[in-house]
Protein chains: 2
Amino acid sequence: MPAEHACPSPSTAPPEDRPLSGTALKILDASKVLFLDHGYDGVNLDRIAAHAGVARQTVYNLFGSKEAVFRATMRHHWAAFELQEVAAGLNRDLARAEADPAAFLRRFSDTILTFVTETDQIAFIRLVVAESRRLPWIATEFYDLGKAPLVETFTACLRHMTETGALRCPDPELAAHQFLGLIQEFVIWPRVMAIGPDAMRLPPTGVVVEEAVAMFLSRYAPATS
Amino acid sequence: MPAEHACPSPSTAPPEDRPLSGTALKILDASKVLFLDHGYDGVNLDRIAAHAGVARQTVYNLFGSKEAVFRATMRHHWAAFELQEVAAGLNRDLARAEADPAAFLRRFSDTILTFVTETDQIAFIRLVVAESRRLPWIATEFYDLGKAPLVETFTACLRHMTETGALRCPDPELAAHQFLGLIQEFVIWPRVMAIGPDAMRLPPTGVVVEEAVAMFLSRYAPATS
DNA sequence: GGCCGACTAGACTGGACAGTGCAGCCCAAA
DNA sequence: TTTGGGCTGCACTGTCCAGTCTAGTCGGCC
């Protein structure tokens with residue numbers, strides 16, 4: 001780490017947004033797999049280069065340092081999120097949601113559940129937790145690019161449903177986090193902690209979602225029902 | 001790691017349960033602080049020895065390897081939990097709880113909240129997440145010695161309150177996890193992820209607990225109230 | 001005094017790994 | 001055909017660190 005304290009690094013600045021050559025993409029794909037599987041310290045640039053089918057020197061030519069590769073890998077991953085699409089999907093559901101909040105909550109659960117599994121979120125969360133002390137920007141970016149938009153969209157939906165009378169949430173943001181907590185306690189954190197589902201016999205996901213919806217609505221469904 | 005695959009290491013076996021000399025305790029205290037602050041890879045035995053005011057060779061004499069020091073540190077930490085005391089406290093509350101489930105839930109929340117802050121659980125969870133891939137025993141032990149007893153005691157309380165009619169939980173274990181999820185989403189995970197409370201403006205803990213209690217009871221309070 | 005066990009101090013080995021330098025190769029464009 | 005850029009392969013440096021070895025100190029105990 002030559003320039004550790006040389007550059008202030010504004011923590012959210014996008015210093016490198018070149019188009020990314022094909023070779024660079026090969027490297028990022030390889031490093032994503034390896035970093036997710038083994039963590040930052042568990043991977044060296046020899047392995048990344050070999051896995052990408054590229055000379056190690058090329059990695060240095062394109063990225064300059066191991067940390068830069070790691071950073072680029074994270075950005076590249078997050079850039080592929082297409083959270084707008086998720087948000088659009090949620091908003092599209094909103095019309096029907098006013099008639100049936102339970103169905104909306106179920107659909108939202110499905111959305112985040114597939115998002116989590118399809119984008120390796122478990123491994124990414126593990127990486128964020130493991131490296132956030134050394135590389136503080138990683139936690140900030142993860143939150144800003146990953147979780148915050150999801151929570152905000154969901155909050156907006158809850159607020160809208162409250163305004164139309166389908167729900168009664170005095171504090172939609174708190175309610176959003178509560179609902180997420182009801183799901184994640186069963187689905188995310190045991191996996192992040194690598195506690196086998198065998199150790200803590202968990203109910204199937206369908207039950208978790210149904211129970212979360214039931215609890216949420218028993219608190220926030222409008223009184224007149 | 002000389003004997004990596006030599007010994008099957010039954011993953012929960014307690015290989016070393018000597019009384020622990022004063023020097024060993026000094027080393028464990030030092031290594032606990034350092035491992036919590038910097039992670040496994042972020043600490044070398046020179047630092048541990050220096051911090052303990054002891055020669056590096058002494059560390060090897062007493063523990064044999066870095067991983068053994070780490071393991072002993074974890075065990076020593078977990079052995080100090082005195083979870084029985086917590087459980088006893090909960091059970092003592094149970095008599096009053098039948099009259100006032102809300103008060104019981106508040107007291108339970110306080111218990112786990114002080115437990116979490118007083119025993120550095122945040123840093124420990126981070127360590128577990130970071131190292132659980134390399135050292136799988138760490139997750140198992142953390143769960144068996146830390147979380148499982150708490151969940152079981154809480155579950156037993158909920159079941160008992162259901163039997164006496166103070167509550168109506170068809171599945172007390174699921175309900176216990178739900179309540180924990182409602183609290184931890186706000187109090188534990190943001191800190192584990194090192195997302196500053198500034199980034200995701202969180203409600204104060206008191207509000208979190210009150211809202212969790214309210215939601216829990218609106219779902220599980222007996223119908224006749 | 002002599003023995004012993006706990007601890008110390010420091011040198012040393014061996015391996016892993018980030019990062020650099022450089023000569024050369026391939027290929028496309030001029 | 002020449003030139004230049006992207007890539008390769010390899011050798012090399014410097015550093016960090018786990019783990020070992022050894023000679024020596026200190027205090028208690030017989």
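So that the names make sense, note that chain A is the first sequence line, chain B the second, and so on, each numbered from 1.
Contacts of Val43(A) with the nucleic acid, taken as non-hydrogen atoms under 4.0 Å apart, involve only primed sugar atoms and P, OP1 or OP2. Counting non-hydrogen atoms under 4.0 angstrom, Gly53(A) reaches the backbone sugars and phosphates but no base.
For Ile48(B) and dC7(C), the CD1 to C1' distance is 18 Å, given to the nearest whole Å. The CZ-P distance, from Phe63(B) to dC7(C), rounds to 10 Å in whole Å. Rounding to whole angstrom units, OH of residue Tyr60(B) and C1' of dA11(C) are separated by 15 Å. Here the C1' atom of nucleotide dC16(D) and the CG atom of Asp46(B) are 10 Å apart, to the nearest Å. Atom-to-atom, NE2 of His38(A) to C1' of dC17(C) comes out at 16 Å; the value is rounded to the nearest Å. Between the P atom of dC17(C) and the NZ atom of Lys66(A) lies a distance of 8 Å, rounded to the nearest Å. With rounding to whole Å, Glu67(A) atom CD is found 18 Å from dC17(C) atom P. The OH atom of Tyr40(A) sits 19 Å away from the P atom of dA16(C) (whole-angstrom rounding).
Applying the 3.5 Å distance criterion, the base of dC7(C) shares no donor-acceptor pair with the side chain of Gln57(B).
Taking for each of Arg56(B) and Thr23(B) the nucleotide of DNA chain C with the nearest heavy atom, the 5'-most of the two is the partner of Thr23(B).
Checked against dT8(C), dT8(D), dA18(C), the side chain of Thr58(A) finds its nearest nucleotide in dT8(D). The side chain of Ala55(A) approaches dG9(D) more closely than any other nucleotide in the set dG19(D), dG9(D), dC17(C). Closest to the side chain of Asn44(A), out of dA18(C), dT8(C), dA18(D), is dA18(C).
A donor-acceptor contact shorter than 3.5 Å is absent between the side chain of Arg106(B) and the backbone of Val209(B).
For the 3.5 Å distance criterion, the side chains of Lys32(B) and His77(B) qualify, holding a donor opposite an acceptor.
Aromatic pair Phe124(B)/Phe142(B): centroids not less than 6.0 angstrom apart.
A sub-4.0 Å separation between OP1 or OP2 of dG6(D) and a side-chain N or O of Asn61(A) is absent.
A 4.5 Å side-chain heavy-atom check between Ile125(B) and Val129(A) finds every atom pair outside the cut-off.
Taking a cutoff of 4.0 Å between a charged side-chain nitrogen and a carboxylate oxygen, Asp41(A) and Arg134(B) do not qualify as a salt bridge.
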